[in-house]
Amino acid sequence: MLKNRIESLDFWKNAGLRALRTFCQTAIATIGTAALIQEVNWLIVLSTSGLAAIVSLLTSIVLGIPESDVE
């Protein structure tokens, strides 16, 4: 159940780690679009990665995550 999920500390720990991984993966992909480090638009990297992390957290809340055994 959704209520059990959002009340579980284990769930939030796992969802947070998943969101952090998503943030880092998105940042790496976004940085990789620039040919030179000077050409990286850091505002776009941070905003895109932050949005991806938020979507990851919302997805974990709605669908659950395999790492957490809370239903």
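Just so we're clear, the structure is a prediction, and the values are computed from it rather than from any experiment.
Two different hydrophobic clusters hold Leu46 and Leu20 under the rule that ILVMFWY side chains link at heavy-atom gaps under 4.5 Å. The cluster map of Ile, Leu, Val, Met, Phe, Trp and Tyr, joined by side-chain heavy atoms under 4.5 Å apart, puts Leu57 and Phe23 in different clusters.
Applying the side-chain contact (heavy atoms from CB on, under 4.5 Å) criterion to Glu39, with sequence neighbours excluded, gives Ala34, Ala35, Leu36.
Between Arg21 and Leu17 there is a side-chain heavy-atom pair separated by less than 4.5 Å. No side-chain heavy atom of Val62 sits under 4.5 Å from any side-chain heavy atom of Leu58.
Considering Ser49, Ser56, Ser60 in turn, Ser56 is the only one that fulfils the side chain to side chain contact (heavy atoms under 4.5 Å, CB included) rule with Thr22.
Taking a 4.5 Å side-chain heavy-atom cut-off between Ile, Leu, Val, Met, Phe, Trp and Tyr, the cluster of Ile37 extends to Ile31, Val40, Trp42, Val45.
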